[in-house]
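Labels below follow one simple rule: chain letters A, B, ... track the order of the sequence lines, proteins then strands, and each chain is numbered from 1.
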There are 2 protein chains.
Amino acid sequence: MHRKPAVTDRIRREKNRRTGEILQAALKVMLEKSYTGATMDDIAAGAGITKPTIYQYFRTKDELFAALIEPLIISLADKLDAIRTAVESEKYKSGKKIIRDVYNVYYDTFESDPDLFRLFVIFQQVGMNAGMSGVAVEKIREIGGKCFIAGQSIVSAAVARGLFRKVDVPHTTDFVWGSFWGIVQVEQNKWGRDGISPYLKPVLKFGENLLIAALVQD
Amino acid sequence: MHRKPAVTDRIRREKNRRTGEILQAALKVMLEKSYTGATMDDIAAGAGITKPTIYQYFRTKDELFAALIEPLIISLADKLDAIRTAVESEKYKSGKKIIRDVYNVYYDTFESDPDLFRLFVIFQQVGMNAGMSGVAVEKIREIGGKCFIAGQSIVSAAVARGLFRKVDVPHTTDFVWGSFWGIVQVEQNKWGRDGISPYLKPVLKFGENLLIAALVQD
DNA sequence: TTCAGTATTTTACTCATGGTAAAATTATTT
DNA sequence: AAATAATTTTACCATGAGTAAAATACTGAA
């Protein structure tokens with residue numbers, strides 16, 4: 001059947017709008033009740049529809065969850081990749097600045113939407129041990145991998161250009177990523193469900209200075 | 001009703017044996033299928049009994065889980081507390097040794113039973129965001145708190161005795177705990193379900209050296 | 001405007017799983 | 001051997017993810 005282009009357009013807009021409504025409701029409910037506690041019926045009710053309609057837009061609860069945090073992790077990957085490019089094209093004069101920038105990327109990503117970031121943490125925690133699957137979930141994992149590779153490339157390039165001491169690249173990358181991740185979790189758990197721990201920034205800063213002392217030759 | 005002491009004894013032994021069988025089966029199944037994937041029926045089948053019998057010994061799945069990892073976290077708390085006592089009673093001559101010992105405690109706890117440790121990580125991850133409750137779970141949380149306090153006391157005492165530089169105690173403690181925790185998770189996620197990541201030890205060592213450089217005055 | 005065809009949404013389910021009440025079984029004391 | 005107490009199992013409930021099919025709303029052509 002042929003359809004008028006104007007109509008096709010409107011339909012696509014409506015679909016996007018509904019997708020947005022679902023995501024918005026999902027975010028709200030999941031923030032309130034955490035992933036496990038948020039039921040699909042809750043989310044549907046929040047969006048003013050019924051459960052099966054959600055399944056018209058998202059294949060599973062996991063994929064809905066993944067779609068929610070996708071923009072955040074994409075932005076993270078992009079920012080890290082930008083630093084990588086800058087290091088590789090010799091834009092940086094000091095290793096210190098690289099480390100500061102990397103930590104700022106982490107922190108900015110967190111600060112720009114702490115609620116969403118909290119969901120991101122939950123996604124990693126739940127996803128890793130409750131065997132999630134599905135297209136969207138794989139996508140997130142893939143982008144996560146990109147973050148990791150960007151991190152490795154940054155360290156590797158910085159070492160090659162003499163901006164960092166001759167450290168072991170995988171160990172350093174694992175340490176940076178792992179410590180950031182762990183600190184965020186610890187602060188979040190200590191602080192509870194609402195708001196940002198006021199300690200997060202200073203503790204990350206502490207780690208940043210530690211790394212600078214260890215990695216940068218003066 | 002009065003019972004002969006020998007019989008009472010045997011009954012207690014039988015109860016302990018069954019408890020042990022359930023825990024063993026639970027460990028096996030949870031390692032295979034992770035917490036969420038392990039059903040109570042699975043565990044019961046593994047122990048050669050039926051589900052309701054488990055509920056005779058453990059109030060909820062959460063408590064069964066908690067009972068599983070309790071010995072591990074108690075041992076961790078004890079070891080940290082021993083270091084605390086040693087620092088406070090001036091047994092340590094160097095800050096370096098303190099940091100090495102703390103990291104060894106972490107690593108030994110992990111190495112003595114990696115499978116159990118993996119469950120411990122899952123427990124934290126799942127428990128934190130799937131609102132666990134119950135007596136046993138509270139107990140775990142309480143012991144976790146003890147670990148944290150021991151850590152703080154160690155740093156605080158070491159600073160007071162001039163073994164560490166004058167660092168901010170909460171920030172330092174959060175960093176040490178968080179980075180350890182994050183690194184374990186990152187390595188575990190990278191390495192997958194089976195075995196220990198060969199990177200864990202070197203990455204922890206990396207962090208250890210970083211901390212020594214930052215905290216210890218030479 | 002009305003009808004045939006299509007897309008979307010909802011009603012009314014299924015299935016899996018944590019947890020439980022009550023029946024059945026086994027053990028213990030007299 | 002009968003009475004009683006403890007333990008285990010059978011048969012169930014409640015909840016929540018996911019789905020088939022009915023119902024509704026929308027689109028294009030006459």
Side-chain angles (χ1 to χ4, degrees), chain A residues 1-19 21-22 25-26 29-30 32-66 126-127 130-137, chain B residues 1-19 21-22 25-26 29-30 33-67 126-127 130-137:
Chain A
M1 171 221 201
H2 253 301
R3 217 190 233 143
K4 292 174 182 165
V7 172
T8 314
D9 245 46
R10 181 175 53 71
I11 286 177
R12 218 195 40 239
R13 273 203 312 279
E14 296 255 300
K15 253 196 145 98
N16 286 342
R17 190 176 50 78
R18 177 129 292 182
T19 305
E21 282 167 7
I22 294 171
V29 176
M30 283 186 182
E32 274 165 22
K33 314 196 175 183
S34 188
Y35 180 70
T36 324
T39 74
M40 291 302 264
D41 283 306
D42 283 342
I43 295 168
I49 52 175
T50 54
K51 184 171 56 170
T53 303
I54 295 182
Y55 286 90
Q56 210 71 21
Y57 294 83
F58 300 95
R59 264 202 235 120
T60 63
K61 194 182 176 187
D62 296 346
E63 285 198 22
L64 172 54
F65 195 6
V126 174
M132 281 189 181
S133 60
V135 190
V137 179
Chain B
M1 170 222 204
H2 253 305
R3 213 187 235 148
K4 288 173 184 166
V7 172
T8 313
D9 244 45
R10 180 174 52 73
I11 285 176
R12 217 194 40 239
R13 272 202 313 278
E14 295 255 300
K15 252 196 146 97
N16 286 342
R17 189 176 50 79
R18 178 128 291 183
T19 306
E21 282 167 8
I22 294 171
V29 176
M30 283 185 182
K33 314 197 176 184
S34 190
Y35 180 69
T36 323
T39 75
M40 292 301 265
D41 283 307
D42 283 342
I43 296 168
I49 52 174
T50 54
K51 184 170 56 171
T53 303
I54 296 182
Y55 285 91
Q56 210 73 22
Y57 294 82
F58 301 95
R59 266 203 234 119
T60 63
K61 193 182 176 187
D62 296 346
E63 285 197 22
L64 171 55
F65 195 7
V126 175
M132 281 189 181
S133 61
V135 189
V137 179

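- Counting only heavy atoms from C-beta on, B/Thr39 has its side chain closest to C/dG18 among C/dG18, D/dT19, D/dG18.
- At whole-Å resolution of the value, CD in A/Gln56 and C1' in D/dT19 are 11 Å apart.
- Across the protein-nucleic acid pair, A/Phe65 atom CZ and D/dA17 atom P stand 13 Å apart, rounded to whole Å.
- Applying the 4.0 Å criterion to OP1 and OP2 of C/dT9, one finds that A/Arg18 has a side-chain N or O inside that range.
- Taking atom CZ on A/Arg17 and atom C1' on C/dT8, their separation rounds to 13 Å, with Å as the unit.
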Evaluate side chain to side chain contact (heavy atoms under 4.5 Å, CB included) for A/Tyr35 paired with A/Val29, printing each intermediate quantity in order.
CA-CA 9 Å; A/Tyr35 180 70; A/Val29 176; over 6 Å; no

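- In terms of polar N and O atoms assigned as donor or acceptor, the side chain of A/Lys51 comes within less than 3.5 Å of the base of D/dG18 in a complementary pairing.
- Side-chain atoms of B/Tyr57 lie closest to D/dT8 of the nucleotides D/dT8, C/dT10, C/dA21.
- Judged by distance alone, with hydrogens and angles left aside, the side-chain atoms of A/Ser34 form no donor-acceptor pair with the main-chain N or O of A/Gly37 at under 3.5 Å.
- If you measure from atom CE of B/Met132 to atom P of C/dG18, you get 12 Å, rounded to the nearest angstrom.
- At a threshold of 4.5 Å between non-hydrogen side-chain atoms, the residues B/Leu64 and B/Tyr57 do not count as touching.
- Side chain of B/Pro52, nearest nucleotide from C/dT10, D/dA17, D/dT9: D/dT9.
- Across all strands shown, A/Ala44 has no heavy atoms under 4.0 Å from either base or sugar-phosphate atoms.
- You'll find that the side chain of B/Thr53 is closest to D/dT8, out of D/dG18, C/dT10, D/dT8.
- In this model, a donor atom of one side chain and an acceptor atom of the other lie less than 3.5 Å apart for A/Thr39 and A/Asp42.
- Proximity of A/Thr50 to the phosphate of C/dT11: no side-chain N or O atom is located under 4.0 Å from OP1 or OP2.
- Between B/Met30 and B/Ile43, the closest side-chain pair of non-hydrogen atoms falls below 4.5 Å.
- The separation between A/Lys61 atom NZ and D/dT19 atom C1' is 17 Å, rounded to whole Å.
- Following rounding to the nearest Å, A/Met40 (CE) and C/dC15 (C1') show an atom-to-atom distance of 16 Å.
- Atoms CD1 (A/Ile54) and P (C/dT10) sit 10 Å apart, rounded to a whole Å.
- As a whole-Å value, the separation of B/Tyr55 OH from D/dC12 C1' is 14 Å.
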